[in-house]
2 protein chains.
Amino acid sequence: MAIRPAEQLIHKAAWLYYAHGLRQDEVASQLNISRASVAMYLRKARETGIVNISTSTQLFTDDVMARRLEDAFDLDAVWIAPENGYLADPSTDIAVLAASVFLELVKKGDRIGVAWGRTVYTIADIMSYADLQDVTVVQLCGNLGAPYSYRPDQCTMEIARRLNAKGLNFYAPLVLSTEGLAQGLRAEPVIRDQLAGIADCNLALYSVGAVDADSHLVKCGALSAAEMETLRRQGAAGVIAGQIIDAGGEVLDCSYNRRVISAELASLRAIEKRLMVVQEDTKFEPLLAAIAGGLCTHLVVGAHMAERLLQHAGAATKKAS
Amino acid sequence: MAIRPAEQLIHKAAWLYYAHGLRQDEVASQLNISRASVAMYLRKARETGIVNISTSTQLFTDDVMARRLEDAFDLDAVWIAPENGYLADPSTDIAVLAASVFLELVKKGDRIGVAWGRTVYTIADIMSYADLQDVTVVQLCGNLGAPYSYRPDQCTMEIARRLNAKGLNFYAPLVLSTEGLAQGLRAEPVIRDQLAGIADCNLALYSVGAVDADSHLVKCGALSAAEMETLRRQGAAGVIAGQIIDAGGEVLDCSYNRRVISAELASLRAIEKRLMVVQEDTKFEPLLAAIAGGLCTHLVVGAHMAERLLQHAGAATKKAS
DNA sequence: AGGCAAATTTGACTTTTGTCGAGAGCCGTG
DNA sequence: CACGGCTCTCGACAAAAGTCAAATTTGCCT
């Protein structure tokens, strides 16, 4: 009787165990299989998202600081991961929180835009599985070459896989060598459609990049460290979906940006829920720029960053009055 | 350090255990408490709905029969509980399924109308806890006297409690002795407002009652068995939220109905999602009436009932052609 | 301050669950 | 048709989680 145990058995086992509250051995006898098999099915059920175990992220929004941040920056919701944390690595804590928040925000039928970066990939990596229907995950920006393990298309696909959703990849390089070529490529029907479809998303997940030599753009060879430094002097404040933004959160007027194939900021702003996750404390300026540009309605940060943001807001208010 | 462990510790424990995947003893040492306490906190977290364990009800809608029912009766979604079931009591299976489906349908900010009956109470009783915010549970019909353990207000309150929602009870008797008094009471501002508010719900949970001596209406003394029998001869086909409906799903024109304080059928039909759950196979005619009256968009039934419904639909189609 | 009741915590114990390697059935291939 | 390779299954052991009564702490009333 070693036919494909199929979803059927997994479902039944999960149902009896989690919904009816039977013990594993009871489930086993009901289904006429060994308890060990039941245990295995249950693990699969969890891994497939047939059962969903989620913990309320309430605690992290309930924080007074989170409320004050929401008010100060006019954000829809803020989650703050305690930094003094119980965990070795605080940035993991942020990612875990972000993953939970993300899953809480996703609904059936959603269309989700996903950008790229270490943060996003970390989140994808620890995110638990879910069994959403009718969900599409679209890639927000072009691809980058090989050496990185977290390429844009991988981020997209991994998240789509975890959600049991459809992944819509972007088959174009992130950055081209001439502006003309970029322009031509953007006009290509395939690419144009995909770019146009981004504004139809109702949820976006991204982080913001720093303008320094550690940036992915540099590491991937899209820009040299020197070029990056030059851009910084010209007013570059952060990186969003592969594009350089200034302190006001607008696209910086520079050759690089004109050579990039990525979501227009206007499209991003058209997305209802824009979840931004920032792990590194060093990304203070970039985050400010992103917020200023209205690129973020939902925010997940660490306690340390939250404090800095509040201080900044306080200072700005004082100066204004 | 035995201060009020409050939600705080429960949250932290749940977070570390469920989101980060630590073991109970690891959580215990992180939090400097004993593992036994952690186990207790986790139980509380589950009971409070701080963590949510839900199993996909996919399997039960995926059924071919469910699809055919949806088509035949023009319903939005149908779930069928396998009757040959693994479980001793098939009706429990229906209730468990109904509870899962219900929880899947509820969203933050919802306003939920709940009627009354053994079925509804059973569902409330086995429904797992959730931590919804901004949810209101409103009672759809007036109250009935003492002897019953599942009074309308209890159904409402129990479900509200499980959801961590606000319960809005209905402080009026279900049925009065004269039509005039009922009319007067319905005109009372308090009552009028509540009745008017029913149409604002976006989710309703109810069952349908049979027109026989076993009906709650008889058991509670609202009607005598003889009166019920008379009504049946006059065309009564079922009971919805305390009101008698005919085979077409309309309010039966009778004195009893005029003496009832309950949601108008028009208000019920205004509710976006109307989840009807039927446990007993004997309620075939009542269910047909309810469907005919458009009182149900989402349906949970047992396999046996599903078959009868399909047969009926098939016969009707054949007759029509 | 004293003392009682309720709530919380803990250690020790039992039950339940997770895991691993061995065995059994299935299938395409040489 | 024999042969690995594959997946599924099971039994037995180890690990983890659940439970309980006793001990401790807390809050509160007199």
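Here is the naming used below: chain letters follow the sequence lines, and residue numbers restart at 1 for every chain. Given the structure is predicted, the values throughout are model-derived calculations rather than measurements.
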query = Excluding sequence neighbours, so at least two apart, what forms side chain to side chain donor-acceptor pair (under 3.5 Å) with Tyr206(B)?
reply = none
ask   = Asn169(B) and Asp153(B): side-chain donor and acceptor closer than 3.5 Å?
value =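 No.
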query = Do we see a donor-acceptor contact under 3.5 Å between the side chains of Tyr18(B) and Arg46(B)?
reply =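 Yes, Arg46(B) and Tyr18(B) have a side-chain donor paired with an acceptor closer than 3.5 Å.
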Interatomic distance, [X] [atom1] vs [N] [atom2] [rounded to whole Å]:
X        : N       : atom1 : atom2 : result
Arg43(B) : dA16(D) : CZ    : C1'   : 16 Å
Glu26(B) : dA15(D) : CD    : P     : 14 Å
Leu9(B)  : dT8(C)  : CG    : P     : 11 Å
Met40(B) : dA21(D) : CE    : P     : 16 Å

ask   = OP1 or OP2 of dC10(D) less than 4.0 angstrom from a side-chain nitrogen or oxygen of Ser37(A), does that happen here?
value =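 Yes, Ser37(A) has a side-chain N/O under 4.0 Å of OP1/OP2 on dC10(D).
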query = For dT9(C), does either OP1 or OP2 sit under 4.0 Å from a side-chain N or O belonging to Tyr41(B)?
reply = yes
task = If the plane angle is over 60° it's perpendicular, under 30° parallel, otherwise tilted; pick one for His20(A) and Trp15(A).
result = perpendicular
query = Is any NZ, NE, NH1 or NH2 atom of the basic residue among Glu47(B) and Arg162(B) found under 4.0 Å from an Asp or Glu carboxylate oxygen of the other?
reply = no
task = Check every atom of dT9(C), dT19(D), dG11(D) against the side chain of Ala36(B) and return the nucleotide holding the closest atom.
result =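 When the side chain of Ala36(B) is considered, dT19(D) is the closest of dT9(C), dT19(D), dG11(D).
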query = Which of these nucleotides, dC8(D), dG18(D), dT10(C), is closest to any side-chain atom of Lys44(A)?
reply = dC8(D)
Under 3.5 Å, N/O pairs linking protein and nucleotides 13-17 of chain C:
unit_1  : atom_1 : unit_2   : atom_2 : d
dT16(C) : OP1    : Arg23(A) : NE     : 2.6
dT16(C) : OP1    : Arg23(A) : NH1    : 3.4
dT17(C) : OP1    : Tyr17(A) : OH     : 2.8
dT17(C) : OP2    : Gln24(A) : N      : 2.9

inquiry  = Just to be sure I understand the rule, does Ile33(A) reach a base, reach only the sugar-phosphate, or reach nothing, if contact means heavy atoms closer than 4.0 Å?
reply    =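 The residue Ile33(A) makes sugar-phosphate contact but no base contact.
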Partners meeting salt bridge (charged side-chain N to carboxylate O under 4.0 Å, His left out) with Asp25(A) (sequence neighbours left out) = Arg23(A)
